[in-house]
Every structure is written in C-alpha cells, then in structure tokens.
There are 2 protein chains.
Amino acid sequence: MIDEKTARQAVIRAADELFYTRGVQAVGMDAVRTAAGVSLKRIYSLFSSKDELIVAVLHHRTAVWDSGLASASQRATSARERILAIFDFLDAWFREPDFRGCAFINTHGELGASSTAVADAVREQKRSFQEYVAHLVADAGAPAALAPQLAILAEGAQTTAAIAGTPDAARDARAAAETLLDVATGRPR
Amino acid sequence: MIDEKTARQAVIRAADELFYTRGVQAVGMDAVRTAAGVSLKRIYSLFSSKDELIVAVLHHRTAVWDSGLASASQRATSARERILAIFDFLDAWFREPDFRGCAFINTHGELGASSTAVADAVREQKRSFQEYVAHLVADAGAPAALAPQLAILAEGAQTTAAIAGTPDAARDARAAAETLLDVATGRPR
DNA sequence: TACAGTAGAGAACGATCGTTCTCCGCGCAA
DNA sequence: TTGCGCGGAGAACGATCGTTCTCTACTGTA
C-alpha cells in the first residue's frame, strides 16, 4: 500500500482537477476514488468528509497560487515590476486551455452560502493576496490606498476572463495598474 | 386561479430570492413551490425544467440590474458622473444586509461548467454591462481602451465585497476609476 | 500450513432531488 | 342534480450522492 502522504496528495490532486473542471457539487466521491486510484475507505480515513476534502483542495490551490506568483516575480528587479508581474502571471494563466476562472471565486459561489469552512478558506486566500499586494505597494513607496485598488483589478480580471472568455482582461487590468501606479508614485506620463 | 403572468412572476421572484441566499443547487423545487405558493404541476407547465427556471431568474436579475443602474445615473449630468454613479450604485448595494455577491458570478461558478444555457445568460449580462460602460466612455470623450478597465474594476469590486465582506471595495474601485478617468481625459490632478 | 490483521472493491444504505402521477375537490353546463 | 374537466396538494418514482459496511484477497509470522 502507498503511504499516507502519497495517498493524500493523490486524492487532493485528483479532486482538485475534477472540482475545477466540473464544479465541486457535480463531482461525486466515486469519481474522486476512480481518478485518484485510492479506495473510498482510504479517502474517508484521510478526510472525515467531502467538506474537509474541499477545504484541503483549497489549501493546496493556495500553495500552488503562492508559488506561481513567487516564481512569476522572480525576474522582477523592483517593487513596481513585481506588481506588474502579477498581471503577467494572470495573462499566462488565462491563456491556458483549461482555464475556468478562479477556483476560489467559483467555489465560493457554489458553497460559500452553505459551508462556512469553505467560505473561510476562500476568504483567507484573498486576504493573503491583498496582504501580498499591500507589501509590494509599500515597497514601491506608493500610498497604501493603492493596494486595494490593484487587488480589485486582479479580481476583476479573473472573473472577466472566466465569464467572457477573453484572456485580454489581464492586459487591460495591467494597463490600468500601470496608470494607477504612475499617478500614485508621481511618475511622469 | 391566478393568471399565467402573475404565477410566472411569483415563481421567478421566489426562486430568485432562494437561489441568491442559499445557492441554486441547494434549493429544491419543493422550496420554490412553497415560497411561491404555486403548485409543482403549475411550475412545470410554466418552465420545462429547473434549468429553464434558472435562466428565467437570471433574465429577471438582468432587468432589475439594468433598471437599478439607470435610476442610479438619473441625477448625473455628465458622462463622467454617470460612470462614477456605477460605483455609487455598487456601494449602496454592497451595504444592503442581504448582499451576497453578484448572482451572475455566483451562478456561473456553480453551474457554468455544466449548463451552457446558464453560462450564456451570465455572459450576455456581462457583455451588456461592458457595452453600457463603453458607451459612457465614448460620451466622456475618453479612449475606448478605458472601458474594459472600468468594467474590470466593477467586477473586481463585486467579488471582493462578496468574499471579504467589505463594502469598502466600491469606494476603492470608485477612486481608481476616478484616477483612470482623469488620466484618460487629460483632466488636471 | 494455519492464522490474524489489513486494505481494496464495490454493494448497500439513507437521504435528497428533479420530475411525474394520482387522487380529490371545485366550478360549470345542461 | 349530475356528470365532467381542470387544477392543486403532495405522494411516488427513479436517479444520484455521501457515507458506511461486507466480503474477499493478500501479507507476514510461527
């Protein structure tokens, strides 16, 4: 038998992909079992309920998002560039063929009203992102009020790209972010 | 018996409220029946399936949204003011006690992957909003590229307010919109 | 070989949901 | 008054889903 850690990862990864492409409620635990190659009994020994699995999947998504963002800002040499790198990161993501919007927003729309655990996990991810942006804004020497504005642009780009199906939303948001950054830091335009 | 039009409205209104507060999939047709006071048989003579009812509810929401937006921009005397009125409209909405995010975004997250009819209805609403913004931007004499930026701000404000639970998102988005408008129209700052 | 313990496959269970059907009561024409 | 058609209430049906249970096969040990 495979060890617990490997089994957990297999279940989370399989569930993540299924939930993201089909929606959480549309995926039964049987489908997770088949995709992960882990028996139902084992799954329920690793996660006490589907709700707990969903939360684990969201935490996994948070980690993936964080590391993706970190590696996207790798080449940036200034806070300003790191901020704009967020939108380049979104741009690349939106163009992936299986892009289906932000999993956190989708899951919140699906279960935010009925599961507080899910709502909390989603809220925590968004809070952490806002904090990340706030740090970059401070590093760039811009007023703190700029941070929520940039975060709103990033959120709006994600929903727009998901619903309208236009990856251009990332470029539009990036252009707006640049303007806001320039004005906030007194850069000549 | 009440006439068809009244029955339709009663069902749509009841379903709208239930779907919005609890999520679409969490609400059974029985709950709609009870809330609307219309028998199941009647409901299924008015709508051939739950999916069709969902689409009807979305269309109803679109009409409510459009008229709300129109009345919010009533007092505005310029295109610039009409643009900013969008964010004041959002602000008032976010502060309503039963605000639970944008129903279109939520429903898309819930059913966009499984029902193309739902996805289409949501996409159409967003497209219509973008068109509305584009007209205002043209009237304001700003470059067309500003329109998607403002639309993204409005979308981002909605998801941010819904998930973080902070109505301030409308004010943040409004401030960003003002900056973008000023820059785009060459207004002194 | 005999046996104990464990894990997997999938049947089973109970609940729920979308949809349809049955039965009953009411209004109306002759 | 009698028969008839129609609509409402909700029971019934079939499917699905989350969760648990049963049975079987396999491993390691003496």
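All chains are named by letter (A, B, ...) in the order of the sequence lines, taking the proteins before the strands, and each is independently numbered beginning at 1.
- Rounded to an integer number of Å, the gap from I43(A) CD1 to dA9(C) C1' is 12 Å.
- In this structure, the side chains of Q158(B) and E155(B) come closer than 4.5 Å at one or more pairs of heavy atoms.
- Nearer to the 5' terminus of DNA chain C, by closest-nucleotide assignment, is the contact made by G37(A) (compared with the other of D51(B) and G37(A)).
- A donor-acceptor contact under 3.5 Å links the side chain of K41(B) to the base of dG8(D).
- Listed candidates were dA11(D), dG8(C), dA9(D). Nearest to the side chain of S39(A) is dG8(C).
- Going from atom CG of L40(B) over to atom C1' of dT22(C) covers 14 Å, rounded to whole Å.
- Using a 4.5 Å heavy-atom cutoff, the side chains of L136(B) and R80(B) are not in contact.
- Looking at which nucleotide of DNA chain D each of Y44(A) and V38(B) is closest to, the 5′-most match is held by V38(B).
- Evaluation of atom-type donor-acceptor distances gives a pair under 3.5 Å for the side chain of R33(A) against the base of dG10(C).
- Between K50(A) atom NZ and dT20(D) atom C1' the separation is 17 Å, expressed in whole Å.
- Side-chain proximity of S49(A) to the nucleotides dG18(C), dG10(C), dT19(D) is greatest for dT19(D).
- R61(A) forms a cation-pi arrangement with Y20(A), by the criterion of a distance under 6.0 Å to the ring centre and an angle within 45° of the ring axis.
- Taking atom CD on E52(A) and atom C1' on dT19(D), their separation rounds to 14 Å, with Å as the unit.
- As judged by a 4.0 angstrom heavy-atom cut-off over every strand, V32(B) is placed among residues making no nucleic acid contact.
- Between D30(A) atom CG and dG10(C) atom P the separation is 10 Å, expressed in whole Å.
- When rounded to the nearest whole Å, the span between CD1 of I54(A) and C1' of dC17(D) equals 13 Å.
- A salt bridge links R171(A) with D168(A); the closest basic N to acidic carboxylate O contact falls under 4.0 Å.
- Ring pair W65(B)/F89(B): centre-to-centre distance below 6.0 Å.
- Checking dG8(C), dT19(C), dG10(C) against every side-chain atom of R42(A), the shortest atom distance belongs to dG8(C).
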